[in-house]
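Written out below as structure tokens is the structure these notes cover.
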Amino acid sequence: MRLSRYFLPILKETPKEAEIVSHRLMLRAGMLRQQSAGIYAWLPLGYRVLMKIQRIVEEEQNRAGAVELLMPTIQSADLWRESGRYEAYGKEMLRITDRHERDMLFGPTNEEMITDIFRSYVRSYKDLPLNLYHIQWKFRDEVRPRFGVMRGREFLMKDAYSFDLDQESARHAYNRMFVAYLRTFDRMGLKAIPMKADTGPIGGDLSHEFIILASTGESEVFLNKDILDLPIPAEDTDFDSDLSPIITDWTTPYAATDEMHDEEAFAAVGDDKQVSARGIEVGHIFYFGTKYSEPMGAKVTNSEGVEVPVHMGSYGVGVSRLMAALIEANHDDDGIIWPMSVAPFHVGLINMKPGSEADEACESLYKQLEAAGVEVLYDDRDTRAGAKFAGMDLIGLPYQVIVGPRGLKTGEVEVKNRATGEREMLSPEAAAEKLIAAVRTQS
RNA sequence: CGGGGCAUAGCGCAGCCUGGUAGCGCAUCUGGUUUGGGACCAGAGGGUCGCAAGUUCGAAUCUUGCUGCCCCGACCA
């Protein structure tokens with residue numbers, strides 16, 4: 001992409017409403033624009049990152065055996081009356097009346113709708129297990145939206161729903177999502193820690209929040225630092241095998257949010273291993289048994305010919321919130337530092353002097369990299385060098401290539417690693433090779 | 001939902017107390033000089049002062065109502 005033809009409205013000054021660093025940087029880097037309290041337009045650069053996060057989530061969901069579909073944002077109130085949640089959900093639910101005076105709502109979540117879809121088609125235990133998910137905009141009319149997309153009213157969420165014959169197989173479905181989540185966040189370069197969460201009226205121990213450590217996090221967390229070094233399940237993990245050993249490894253070291261915190265158990269961890277910090281919740285998995293299947297009649301016939309309600313679980317990832325969490329975890333004074341896997345572009349190519357011999361060198365490098373699948377943002381604008389450097393650092397692409405008459409005198413271009421600040425002078429060929437290799441290994 | 005605050009050019013702000021020609025910095029446009037880490041000089045364009053009503057000869061400024069937004073606290077992907 002040529003910057004001269006792109007839409008990247010970078011702000012030099014920080015908008016006053018932005019309190020936390022991720023919100024500030026998203027606004028400054030031209031990724032986001034607020035349209036209303038807690039409601040945002042995703043500008044081109046922000047949208048690219050959002051789609052990259054979404055793709056990773058999809059790949060890992062698919063790998064774990066979940067099947068993607070897409071449900072609407074607007075739902076009929078009737079379904080929610082069936083589950084009893086239309087009255088129970090309260091003011092967080094945005095209620096809408098259509099021209100025929102029908103009660104509609106902007107979905108805050110989709111348990112009712114997915115249960116309706118399931119019960120309309122599935123009759124036999126032979127069709128289980130089943131896990132259906134979608135990635136769709138949700139709306140929750142928060143009392144106080146804040147921190148940009150960290151707590152917006154409209155947000156993009158992945159929500160998966162599992163259907164199983166009994167609690168035992170539902171636990172396996174749960175474990176699959178647990179492993180998928182470990183992999184998903186790891187692929188974005190995030191350390192997400194599963195923590196036991198409140199299960200509400202259902203009880204049991206099958207609910208975990210996945211929390212990323214960040215000083216701006218909304219909740220206080222306590223953990224045994226051993227959990228930070230646990231290995232992430234590999235890409236070739238067999239999701240049909242017994243995953244419980246992995247779950248055991250990850251749930252044994254102490255890790256809890258403040259509402260589940262147990263001082264005594266935490267003390268037993270030992271002073272040298274205790275970590276108390278703040279965290280951002282980016283995922284939440286939940287087993288809720290027959291809470292929806294029973295009232296809504298989602299039943300299958302089992303091997304004995306008896307109709308039984310299915311056991312369900314739901315599994316959420318805050319896709320838009322992840323973008324904020326990623327920036328909270330990856331930035332410095334100059335701006336964002338994207339991990340390769342979610343970077344809006346892999347490389348920023350800076351033409352130091354348009355109209356000079358740098359043009360030709362840039363063009364050929366640009367074409368070569370793009371042809372090799374490297375996503376390049378080519379700054380071909382005729383502006384001052386300082387503005388280009390500052391802008392490139394701000395938007396945080398993993399690598400910058402600086403091409404100008406000075407380096408070309410010796411036939412070289414400069415390659416800068418945004419994260420480490422490391423720079424090296426290379427021939428254009430060597431630079432291209434290095435960048436192509438870096439993109440292949442890191443994304 | 002309780003408490004606090006803000007609304008004036010695209011962005012950041014001053015002006016309001018004490019009513020009288022709407023201003024500053026950045027950004028934008030034009031010309032020139034510059035050009036490897038957010039340049040300089042000169043000039044130009046851009047405003048129903050959030051909306052509505054009231055007081056007044058006269059309202060950005062005073063009064064009332066409304067709307068929007070932000071911050072702190074209790075609640076949530």
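So you know, we letter chains A, B, ... as the sequences are listed, proteins then strands, and number each from 1.
- C69(B) is paired with G5(B) under the Watson-Crick or G-U wobble criterion, all donor-acceptor distances under 3.5 Å.
- Each of V319(A), I135(A), T184(A) was evaluated against E58(A); a single residue qualifies, I135(A), per the side chain to side chain contact (heavy atoms under 4.5 Å, CB included) test.
- Here the P atom of nucleotide G36(B) and the CG atom of D382(A) are 13 Å apart, to the nearest Å.
- Here the shortest heavy-atom pairing between I227(A) and A255(A) reads CD1-CB, 4.1 Å.
- In the model, D159(A) has no side-chain atom that pairs as donor or acceptor with a side-chain atom of Q136(A) under 3.5 Å.
- Residues R278(A) and E218(A) are not paired through a salt bridge, judged by the lack of any N-O separation under 4.0 Å between the basic side chain and the carboxylate.
- Using atom C1' as the reference point in both A14(B) and C71(B), the two lie 22 Å apart (nearest Å).
- Separating the P atom of C24(B) from that of G31(B) is a span of 24 Å, rounded to the nearest Å.
- Comparing the same atom, C1', in G20(B) and in G38(B) gives a spacing of 42 Å after rounding to whole Å.
- Counting non-hydrogen atoms under 4.0 angstrom, Q34(A) reaches the backbone sugars and phosphates but no base.
- The R406(A) side chain lies nearest to G36(B) when the options are C1(B), G37(B), G36(B).
- Comparing G404(A) and E142(A) by the nucleotide of RNA chain B that holds the closest heavy atom to each, the one mapping nearer the 5' end is G404(A).
- Taking the C1' atom of each, U48(B) and G37(B) are spaced 43 Å apart, rounded to whole Å.
- Heavy-atom neighbours of R33(A) CZ from other residues, nucleotides or ligands within 6.0 Å: at or below the threshold of 12.
- A donor-acceptor pair shorter than 3.5 Å cannot be found between the side chains of R2(A) and Y366(A).
- OP1 or OP2 of G36(B) has not a single side-chain nitrogen or oxygen of K353(A) nearer than 4.0 Å.
- Using C1' as the reference atom, A9(B) and A52(B) are 23 Å apart when rounded to the nearest Å.
- Across all strands, V317(A) comes closer than 4.0 Å only to sugar-phosphate atoms, never to a base (heavy-atom distances).
- Within 4.0 Å of G152(A), counting heavy atoms only, lies at least one base atom of the nucleic acid.
- Electrostatic pairing of E19(A) and R24(A) does not count as a salt bridge here, judged by no charged N lying under 4.0 Å from a carboxylate O.
- With rounding to whole Å, I395(A) atom CD1 is found 19 Å from G37(B) atom P.
- If you check A74(B), G36(B), G12(B) against the side chain of I402(A), the one that comes closest is G36(B).
- Nucleic acid contact for K138(A): none, since no nucleic acid atom lies under 4.0 Å from a heavy atom of the residue.
- At a cut-off of 3.5 angstrom, counting only N and O atoms as typed in the model, there is no donor on one side facing an acceptor on the other between the side-chain of R28(A) and the base of G12(B).
- Pairing for G23(B) goes to C13(B), judged as Watson-Crick or G-U wobble with the two contacts each under 3.5 Å.
- When the C1' atom of C75(B) is taken as reference, atom CD of E259(A) falls 11 Å away, rounded to whole Å.
- Across all strands, R423(A) comes closer than 4.0 Å to base atoms (heavy-atom distances).
- On the C1' atoms, A27(B) is 15 Å away from A39(B), given to the nearest whole Å.
- Atom CD of E360(A) sits in a sparse spot, with 12 or fewer heavy atoms from other residues, nucleotides or ligands closer than 6.0 Å.
- Between the CE atom of M352(A) and the P atom of A39(B) there is a distance of 12 Å, rounded to whole Å.
- Using the Watson-Crick or G-U wobble rule with both distances under 3.5 Å, U61(B) pairs with nothing in any strand shown.
- D393(A) comes within 4.0 angstrom of a base, heavy atoms only.
- Using Watson-Crick or G-U wobble geometry with both donor-acceptor distances under 3.5 Å, A44(B) finds its partner in U28(B).
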Which donor-acceptor pairs under 3.5 Å do side chains of residues 344-354 of chain A form with protein atoms, sequence neighbours excluded?
unit_1	atom_1	unit_2	atom_2	d
H346(A)	ND1	E375(A)	N	3.0
N351(A)	OD1	K353(A)	N	3.0
N351(A)	ND2	D359(A)	OD1	2.9
N351(A)	ND2	Y378(A)	OH	3.1

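- C6(B) and G50(B) have their C1' atoms separated by 11 Å, given to the nearest Å.
- Residue-level contact check: P9(A) touches neither bases nor backbone, having no heavy atom under 4.0 Å from any strand.
- The C1' atoms of A22(B) and G46(B) are separated by 13 Å, rounded to the nearest whole Å.
- If you check every strand for non-hydrogen atoms under 4.0 Å, S36(A) touches sugar and phosphate atoms only.
- With centres under 5.5 Å and a plane angle under 30°, the ring of F155(A) is stacked against the base of A77(B).
- Closest contact between the side chain of V143(A) and the listed nucleotides G37(B), C26(B), C75(B) involves C75(B).
- A residue-by-residue look at R33(A) and E92(A) shows that R33(A) has its nearest nucleotide of RNA chain B further toward the 5' end.
- With rounding to whole Å, K12(A) atom NZ is found 12 Å from G37(B) atom C1'.
- Rounded to an integer number of Å, the gap from Q400(A) CD to G36(B) P is 17 Å.
- Residue contacts shown for A385(A) are limited to sugar-phosphate atoms, with no base heavy atom under 4.0 Å away.
- In this entry the distance linking CZ of R384(A) with P of G37(B) reads 9 Å, nearest Å.
- For L8(A) and G38(B), the CG to C1' distance is 14 Å, given to the nearest whole Å.
- When distances are taken from the side chain of E13(A) to each of A77(B), G36(B), C11(B), the shortest belongs to C11(B).
- Checking G36(B), C1(B), A77(B) against the side-chain heavy atoms of R321(A) singles out A77(B) as nearest.
- Counting any heavy atom pair closer than 4.0 Å across all strands shown, M157(A) reaches sugar-phosphate atoms only and no base atom.
- Within 4.0 Å (heavy atoms only), L156(A) reaches no atom of the nucleic acid at all.
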